[in-house]
Amino acid sequence: MSMPMSRLEEAPSLEEAQGYDAVVIGAGPAGSASAILLAEGGWRVALVERAPFPRRKVCGEFVSGTSRPVLRALGLEAAFDREAGPPVRRVVLMAGRHVVAAPMPADAGLGRALGRDRLDLLLAERAASLGVTLFQPFRAVAIDGDRDGARTRIQLEGPQGERVVLAARVTIAANGSWERSNLPTDLPRRHGPRDELGFKAHFRGDRLTAGDMPLLAFPGGYGGMVRVDEGRLSLSCCIRREALERIRQSGESASAALHRHLVATTRGIAETLEGADLAGPWLAAGPIRPGLRPVHADGVFRAGNLAGEAHPVVAEGISMALQSGWLLARTLMRADPGDVAGRESAAQDYARVYRRQFATRIRAARVFAALAGSPAAHGALAPVLARAPALLSLGARLSGKARALPDATALR
Ligand SMILES: Cc1cc2nc3c(=O)[nH]c(=O)nc-3n(C[C@H](O)[C@H](O)[C@H](O)COP(=O)(O)OP(=O)(O)OC[C@H]3O[C@@H](n4cnc5c(N)ncnc54)[C@H](O)[C@@H]3O)c2cc1C
C-alpha cells in the first residue's frame with residue numbers, strides 16, 4: 001500500500017496530522033458529491049480545492065436527466081432548477097450545411113445546463129453547510145498511503161503557502177484528469193498530433209431555439225451548444241491538435257482561429273451566433289484523457305474524470321462525476337472501510353458498479369467522437385440522419401441519457 005512516488009518528506013505521525021474519516025481532493029462535481037453524501041452519513045470530511053470559486057471551466061455544462069436523483073440526494077435539486085437553463089427537448093446535429101433535429105430521450109427525465117461557475121459553487125457551499133471542512137484555495141501536493149489509510153499534504157496556493165497534513169482512512173482523488181498535480185494519481189503525460197484540446201466560451205444575444213442542444217460536427221473536432229443560466233449560451237468543443245495547427249494563421253490566437261473555423265465550416269453555428277457577443281474570454285484545457293481507468297489504486301479511491309472519462313461529444317462527464325461520487329459514497333457507507341480488508345472489498349464493489357454503469361457510454365463516445373470529427377463521415381451520415389432522425393435519439397440513448405442509476409429510488 002505504500003506510494004513511493006510522493007512520500008512526504010519529514011512526514012508527521014498520524015497524531016500530528018489533522019484527522020478525518022475521509023479526505024477528498026478536488027471540489028468538482030465528483031469530489032463535492034462524495035463529500036456531501038459522506039458528511040450526511042455522519043463522516044468527518046475534508047474537501048481540498050486549489051481554485052477559488054466561482055470559476056468558469058472548460059465544459060459544455062449540460063447535466064443529463066439521469067442525474068436528477070443525485071441532485072435531489074445532494075439537497076440541490078431546487079437550487080439547480082431555479083438557476084439552470086430550460087429543459088433540453090431536442091438534440092440537433094449541425095454538420096457542414098446540415099441541421100437535423102430529433103427528440104431527446106426523456107425516459108430518465110430531461111437534462112438542463114448550468115454554468116460551472118454556478119454549479120460547482122452550489123456544490124461546495126452545500127458541502128460546507130453540512131460540516132465538511134473546505135480547504136480552498138489549497139492544492140494537494142503529496143499523498144502517502146500505508147495500512148492505516150493515507151496522509152495528504154496540502155498547500156495554500158501562492159508563494160510560501162501554509163502547509164497542512166490531513167490523515168484519513170479513506171482518501172478520494174477527484175481532481176479531474178486535465179491538470180498535472182504531481183500526485184501518484186495523475187495520469188501519464190503525453191503529447192501527440194491527435195490529442196483533443198478542449199475549448200469553451202459563453203455568448204449572449206444568440207439565436208438558439210429554446211430547448212435545443214446542438215451537437216456540432218466540424219472538420220477536426222466536435223462540440224455542443226446549450227442555453228445555461230441567465231440567458232447565457234455555452235459553446236464548448238474539442239479539436240485535434242493537428243487540426244488546430246492547420247487552421248491557425250500566423251499571429252492568430254488558438255481561440256480566434258477556432259472561432260473563425262466553427263463559423264466558416266458549420267452553417268448552424270454561424271446562424272446561431274449571428275449578432276451574438278462573447279460573454280467572457282474563450283477558455284482552453286486539455287488534452288482530454290478519455291478512457292476507463294482503475295477506480296482504486298495504491299490505497300486511493302478515484303471518482304469523476306480520474307476514474308473514467310467519456311469523449312465530451314456525449315456531454316455526460318458531469319453526470320458521470322456526480323453519479324460516481326454517489327456510487328462511491330454509497331459503497332463506502334455500506335462497507336466497513338476502517339481497515340485494509342474493508343477498503344479493498346469496498347474497492348471491488350465500487351469497480352463492479354462503476355463498470356456496469358459507465359463502460360458502454362465511454363466506448364460509444366469514442367465511436368461518436370471519431371465520426372463527428374471526420375468530414376467524410378459527415379458527408380455520408382448527415383443525409384441518412386436527415387431521413388431518419390430517430391437514429392440521433394438512439395445515439396443519445398447509447399450515450400447514457402436514458403440510463404438511470406441503480407437503486408435511484410433509494411435516493412432521498
Ligand atoms: C469541451 C468539453 C465539453 C464538455 N461538456 C460537457 C457537458 O456538456 N456535460 C457534461 O456532463 N460533461 C461535459 N464535459 C466533461 C466534464 O467537464 C467533466 O467530465 C467533469 O468536469 C469532470 O468532473 P470531475 O469532478 O471529475 O473533475 P473536474 O470538474 O475537473 O474537477 C476537478 C477539481 O479538482 C481541482 N483540482 C485539480 N488538481 C487539484 C489538486 N492537486 N488539489 C486540489 N484541487 C485540485 C480542480 O481545480 C477542479 O475544481 C465536457 C468536457 C469538455 C472538455
Side-chain angles (χ1 to χ4, degrees), residues 6 23-35 46-55 57-64 66-67 88 111-117 119-121 123-124 134-143 152-157 172-183 185-186 196-201 213 215-216 221-226 228 234-239 258 283-290 302-325 358 361-362 365 369 399-401:
S6 70
V23 167
V24 182
I25 305 169
S32 287
S34 52
L47 177 59
V48 185
E49 169 56 51
R50 64 153 201 81
F53 285 178
R55 57 99 175 82
K57 190 167 173 65
V58 173
C59 181
E61 311 184 316
F62 172 76
V63 183
S64 278
T66 55
S67 286
V88 171
R112 300 170 68 168
L114 179 60
R116 293 292 298 271
D117 40 0
L119 178 67
D120 291 20
L121 181 64
L123 284 160
L134 189 54
F135 289 91
Q136 188 178 31
F138 270 85
R139 178 188 292 269
V141 292
I143 310 173
T152 301
R153 185 166 64 203
I154 65 173
Q155 183 162 4
L156 185 64
E157 286 290 52
I172 299 174
N175 46 305
S177 57
W178 310 327
E179 292 173 62
R180 285 204 295 267
S181 296
N182 295 321
L183 295 174
T185 46
D186 280 8
E196 292 177 21
L197 308 174
F199 287 84
K200 110 88 159 286
M213 183 161 82
L215 161 65
L216 316 174
Y222 56 83
M225 292 193 285
V226 70
V228 292
S234 176
L235 187 161
S236 63
C237 61
C238 290
I239 183 165
L258 176 66
L283 305 176
I288 60 162
R289 303 300 189 85
R302 299 172 191 198
N305 267 24
L306 260 186
E309 183 172 351
H311 283 267
V313 69
V314 295
E316 281 292 311
I318 301 173
S319 286
M320 288 171 56
L322 289 170
Q323 294 177 20
S324 64
F358 302 122
R361 86 186 69 172
I362 290 177
S399 77
K401 303 239 163 352

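Nothing fancy with the numbering, it's 1 onward along the sequence. For ligands, and for the atoms within them, numbers begin at 1 and follow the listed sequence. Just the heavy atoms: all of them, side chains too, but no hydrogens, waters or symmetry mates, feed the values below.
Considering backbone and side-chain N/O atoms, Pro29 comes within less than 3.5 Å of an N/O atom of ligand 1. Residue Pro312 has no N or O atom closer than 3.5 Å to an N or O atom of ligand 1. An N or O contact shorter than 3.5 Å links Arg55 to ligand 1 by distance. Among the atoms of Trp178, none of the N or O lies under 3.5 angstrom from an N or O of ligand 1. The shortest N or O to N or O distance between Ile25 and ligand 1 is not under 3.5 Å. Residue Phe62 places at least one N or O, backbone or side chain, under 3.5 Å from an N or O of ligand 1. For ligand 1, none of its N or O atoms has an N or O atom of Cys59 under 3.5 Å away.
Contact record, Met320 with Gly308: CE-O, 3.9 Å, taken as the closest heavy-atom pair. Taking every heavy atom of both residues into account, Leu197 and Gly286 meet most closely at CD2-C, 4.4 Å. Taking all atoms of both residues into account, the shortest heavy-atom contact from Leu114 to Val228 is N-CG1, 4.1 Å. Taking both residues in full, the closest heavy atoms of Gly28 and Asp120 are given as CA-OD2, 4.0 Å, listed atom of the first, atom of the second, then distance.
Side-chain atoms of Lys200 come within 3.5 Å of backbone N or O of Cys59 as a donor-acceptor pair. A donor-acceptor contact shorter than 3.5 Å is absent between the side chain of Ser64 and the backbone of Ser319.
Scanning all protein heavy atoms for the shortest distance to atom 44 (N) of ligand 1 gives Arg50 N, 3.2 Å. Counting protein heavy atoms only, atom 15 (C) of ligand 1 is closest to Gly317 CA, 3.8 Å. For atom 47 (O) of ligand 1, the closest non-hydrogen atom of the protein is Glu49 OE2, 2.6 Å. Of the protein's non-hydrogen atoms, the one nearest atom 23 (O) of ligand 1 is Ala321 CB, 3.5 Å. Looking at atom 5 (N) of ligand 1, its nearest protein heavy atom turns out to be Gly60 N, 2.6 Å. For atom 11 (O) of ligand 1, the closest non-hydrogen atom on the protein side is Ile318 N, 2.6 Å. Counting protein heavy atoms only, atom 18 (C) of ligand 1 is closest to Asn305 OD1, 3.5 Å. For atom 1 (C) of ligand 1, the closest non-hydrogen atom of the protein is Cys237 O, 3.4 Å.
For ligand 1, the atoms sitting less than 4.0 Å from at least one non-hydrogen atom of Ser236 are 1 (C), 3 (C), numbered in the order shown with element in parentheses. For ligand 1, the atoms lying closer than 4.0 Å to a non-hydrogen atom of Val48 are 43 (C), 44 (N). Close contacts between ligand 1 and Ala30 involve ligand atoms 25 (O), 26 (O) [criterion: under 4.0 Å to a heavy atom]. Those atoms of ligand 1 with a heavy atom of Ala140 less than 4.0 angstrom away are 40 (C), 41 (N), 42 (N), 43 (C). Distances below 4.0 Å separate heavy atoms of Ile288 from the following atoms of ligand 1: 53 (C). For ligand 1, the atoms sitting less than 4.0 Å from at least one non-hydrogen atom of Gly28 are 25 (O), 31 (O), 33 (C), numbered in the order shown with element in parentheses. Close approach to Asn175 involves these atoms of ligand 1, each under 4.0 Å from a residue heavy atom: 32 (C), 34 (O), 36 (N), 37 (C), 38 (N), 39 (C), 45 (C). Annotation for ligand 1: atoms under 4.0 Å from non-hydrogen atoms of Gly176 are 27 (O), 30 (O), 32 (C).
Leu183 contributes atom CG, which lies 10.5 Å from atom CZ of Arg153 (distance to the nearest 0.5 angstrom). Between Phe62 atom CZ and Met213 atom CE the span is 4.0 Å, to the nearest 0.5 Å. Distance CD/Gln323 to OG/Ser67: 4.0 Å, rounded to 0.5 Å. Distance CG/Asn182 to CZ/Arg139: 9.0 Å, rounded to 0.5 Å.
For the side-chain hydrogen bond (donor to acceptor under 3.5 Å, both in side chains) test, residues two or more places apart in sequence or in another chain that qualify with Glu196 are Tyr222, His311. For Ser181, there are no side-chain hydrogen bond (donor to acceptor under 3.5 Å, both in side chains) partners, not counting sequence neighbours.
Under 4.0 angstrom from ligand 1, the non-hydrogen atoms of Ala174 all belong to its backbone.
Taking all heavy atoms of Arg139, Arg116, Lys57 into account, the minimum distance to atom 20 (C) of ligand 1 is reached by Arg116. For atom 41 (N) of ligand 1, the candidate residues are Ser177, Ala124, Ser181; the nearest heavy-atom contact is made by Ser181.
When side chains are defined from C-beta on, Leu322 counts as touching Val63, because their heavy atoms get closer than 4.5 Å. Proximity of Phe199 to Val58: side-chain heavy atoms (C-beta onward) are nowhere separated by under 4.5 Å.
At a threshold of 4.0 Å, the pair Arg116-Glu61 does not count as salt-bridged, since none of the basic side-chain nitrogens sits closer than that to a carboxylate oxygen.
Exactly one residue among Ile172, Leu47, Ile143 makes a side-chain contact (heavy atoms from CB on, under 4.5 Å) with Ile25. That residue is Ile143.
Residue contacts with ligand 1 include Ser319, since one of its heavy atoms falls under 4.0 Å from the ligand.
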